[in-house]
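Notes for the one structure printed next.
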Amino acid sequence: MDLEQLEKLMEKERRELNRMADLHGLRDERVLDKSSRLDRIMDKYLHTKRAINQTHS
């Protein structure tokens, strides 16, 4: 997955997370699971970005 795809996925997940938090509250298990998923996507994005930057240095 490239950076652009990851950015779009992060934005989609962030919108869903906010919607779910509004509906269910911040402590709901579904919201916490969605937050963890977003964290993993963000980690992948940062790892991918670092790898790209290292190859262009």
Salt bridge Glu11-Arg14, side-chain N to carboxylate O under 4.0 Å = yes

- Message: For Met20, I'd like to know if atom CE has over 12 heavy atoms of other residues, nucleotides or ligands within 6.0 Å.
- Response: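 Count over threshold, so yes.
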
Roughly how far apart are [X] [atom1] and [Y] [atom2], rounded to 0.5 Å?
X: Lys44; Y: Met1; atom1: NZ; atom2: CE; value: 7.0 Å
X: Arg19; Y: Leu23; atom1: CZ; atom2: CG; value: 6.0 Å
X: Asn53; Y: Thr48; atom1: CG; atom2: OG1; value: 11.0 Å
X: Glu7; Y: Glu4; atom1: CD; atom2: CD; value: 7.0 Å

Sequence neighbours excluded, the answer for side chain to side chain contact (heavy atoms under 4.5 Å, CB included) partners of Arg37 is Leu9, Glu13, Arg40, Ile41

With Ser35 via side chain to side chain contact (heavy atoms under 4.5 Å, CB included) - residues at least two apart
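Ser35: side chain to side chain contact (heavy atoms under 4.5 Å, CB included) contacts with Leu17, Asp39.
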
Quiz item: Does any non-hydrogen side-chain atom of Gln5 lie less than 4.5 Å from one of Lys8?
Solution: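 Not touching, per the 4.5 Å side-chain cut-off.
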
Does Ile52 offer a backbone N or O that forms a donor-acceptor pair with the side chain of His56 under 3.5 Å?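 Indeed, once roles are kept as given, a pair shorter than 3.5 Å links the two residues.
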
How far apart are the C-alpha atoms of Leu38 and Met10, what are their side-chain angles, what is the distance that settles it, and do they pass the side chain to side chain contact (heavy atoms under 4.5 Å, CB included) test? CA-CA 6 Å; Leu38 179 55; Met10 281 190 302; 4.3 Å; yes

Taken in chain and number order and not counting sequence neighbours, the residues that satisfy side chain to side chain donor-acceptor pair (under 3.5 Å) with Arg30 are His24, Asp28

field: Cluster overlap Leu26 with Leu32, hydrophobic side-chain contacts below 4.5 Å
entry: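 Different clusters.
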
